[in-house]
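Only one structure is covered here, and it is reproduced in the block below.
Whatever order the structure lists ligands and atoms in, that order sets their numbers, starting from 1.
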Amino acid sequence: MCGIAGYVGKKAVAPLLIEGLKRLEYRGYDSAGLALNANNQLYLEKAAGKVVELEKCVNAQPGLNELTGCGIAHTRWATHGRPTAVNAHPHLDGSNRFAVVHNGIIENYQELRRYLEGKNVHFRSETDSEVLVHLIAEAYEGNLLSAVAAALKQVKGTYGIAVISTLEPGLIVTARNGSPIVIGLGNGENLVASDVSPLLPYTSKVIYLNDGDIAAVYADKVDLRNINNMPVEREVARIDWDASAAEKGRYEHFMLKEIFEQPEAISNAIRGRLDAENGCSILNGLNLTPRDLAQISRIVIAGCGSSMHAGLLGEYYFEDIAGISTSVEQAAEFRYRNPIIEPNTLVIPISQSGETADTLAAVREAIRKGAVVTALCNVVGSTIAREAGRGIYLHAGPEMSVASTKGFTTQVAVLLLLALLLGRNRRLSRSEGIELVKQIEAVPDLIRSVLEQAPLIEEIAKRYAQVENFFYIGRGCLYPAALEGALKLKEISYIHAEGYHAAELKHGPISLLDENHPVLALANDVLGKDKIIGNIQECRARKAPVIALVAQGDTRVRSMTQDVIEIPQCSRFIAPLPSVVAMQLFAYYVAVARGCEIDQPRNLAKSVTVE
Ligand code: M6R
């Protein structure tokens, strides 16, 4: 959940690493640090708080910003040890000749720490990671890569690490087991990172390490090995994201930028994948023949957070459009619940980042049980995408804000494409398929018309910014949308928000309602409209203020509340998409009005790589 950046080459190292950490900050942001290897010594700076705090420390050291050579840096999301400067990475050995940054968890660190303390090693921090640097120093016999490999052999747990030493200037040793590492190949310079975002300004050529890989990265070459020091070959991949995609541009926050990018993101997600003539979709990455598709008897979807909410919509789509029995698993439960997976079960892990630990564990379990696995990921080359072996990329572009926006809506769009394909393979007629194609093609425009209402949504948001509790209610496909809307609000505004099925309110939670407990009702579903109107009346009867999302032209709901957001009319399958965009904007403006940190809410990290 933390971020790693490393550089070796001719450029000044510190500013480049700070820039890299800023691009990685969405992965963790409670403390940060860097170590530079120059002039036969290690220069270390660490700070609690965000990367700007580290930047201030670096700027305060005369000459540090000019140093060339190599360096490693880290932004942390605390697991073991408080978020203090001392616990920030890099960690140094007692002789200050080795520095290590680490993502992951060393499970046997207490045992290793006892062993090292028995040898009079002095520990400075409370972290599990610090054992690594002492083990490396102990194992060093003239070759840094061999020392790192020897240390890692003693470790149980997960790691993505980068190591430097004054004993071997101009070298970064990096290794991975369960925590991603990618090497960026430059011209006379090379980079190391925990994901591609810090590499984007410098190169589009990358090597993704596999678990068990270890690499010696010099400015002019990369030596790839396995942990037993045997050479390995890895493909050089190309990243097609450009650097500006990971910048805020004219927007104040990444979240707002990403909300407004959704029409384009969805166009990219569906481009070339719709066959309007045959009313079908074309999903080459699936790698399944029509016969394979016809044999699928069940679908199991696994994901976390917003990705699981997208999965809940997938359940509606696969059952209703394709007639395939579908269930959705919280990825964290998947491998512990021993789910029934038969040879014809299609398991669909959904993950924007492609690195979420629980979803990855679900992928491994599904593969172990012999399922057909097809991943929906956004980040190309991510661990889940690679381990699943087949899948559909979202093409949403980099999502930097911790709160998922375009990641979620492109997941839903891709699930619709998959349901269309499976449906046409079974019970969906050509004309029904053609109709669904038209509806999917219209989504970017539907979202645009919601975005045009941003000023109105902002106005409503300001009126509700000071409440402390919220219910979000919906029915049918708008029920998962309600869950997603509530998650957005609580995540960034710290308002307690619960998503509920509108009918469930009466089974307990309605007792909470009063004039201080508003309800956001998704009343724009043509099918369930009468019922949700009844639910809104129940809320109003308890004096609860109601914000309603209504279908354009609605008059009935309008007569019950003044706070109304119009959603363009569309089918029940499509309605969650523009509705969620309206709720993203609502959450955003509430959080802004409350003065909250938008892109990096407290306690969170973009990609949750620990269980
Ligand atoms: O990268 P993933 O899609 O696997 O991430 C899953 C969740 O951690 C993520 O959706 C999280 O819930 C978001 N912060 C919600 O906005």
Quick one: look up the protein heavy atom nearest [atom] and list residue, atom name and how far away it is.
atom	value
atom 1 (O) of ligand 1	S353 OG, 2.6 Å
atom 4 (O) of ligand 1	T356 OG1, 2.4 Å
atom 14 (N) of ligand 1	E491 OE2, 2.5 Å
atom 7 (C) of ligand 1	C304 O, 3.6 Å
atom 8 (O) of ligand 1	V608 CG2, 4.1 Å
atom 10 (O) of ligand 1	S306 N, 3.1 Å

_Structural part of K488 in contact with ligand 1, heavy atom criterion under 4.0 angstrom_ = side chain
*asked:* Other residues, nucleotides and ligands only: do more than 12 of their heavy atoms fall within 6.0 Å of CD on E264?
replied: no
*Determine, step by step, whether Q411 and S307 satisfy the side-chain hydrogen bond (donor to acceptor under 3.5 Å, both in side chains) criterion, reporting the C-alpha distance in whole Å, the side-chain angles of both residues, the deciding distance to 0.1 Å, and the verdict.*
CA-CA 7 Å; Q411 285 165 350; S307 296; 3.0 Å; yes
*Backbone or side chain, does any N or O of V402 fall under 3.5 Å from an N or O of ligand 1?*
yes
*Compute the shortest N/O to N/O distance between Q352 and ligand 1 and return yes if it is under 3.5 Å, no if not.*
yes
*Whether H102 side chain and T158 backbone form a donor-acceptor pair below 3.5 Å*: yes
*Kindly say whether A310 contributes a backbone atom to a donor-acceptor pair with the side chain of E484 at under 3.5 angstrom?*
no
*Do the numbers put R176 on top of the ring of Y159, so that NZ or CZ is under 6.0 Å from the six-membered ring centre and no more than 45° off the axis?*
no
*What atoms of ligand 1 come closer than 4.0 angstrom to any heavy atom of S307?*
2 (P), 3 (O), 10 (O)
*Given L346, which of L293, L286, I296 fulfils the side-chain contact (heavy atoms from CB on, under 4.5 Å) condition?*
I296
_Test of ring centre spacing under 6.0 Å for F408 and H309_ = no
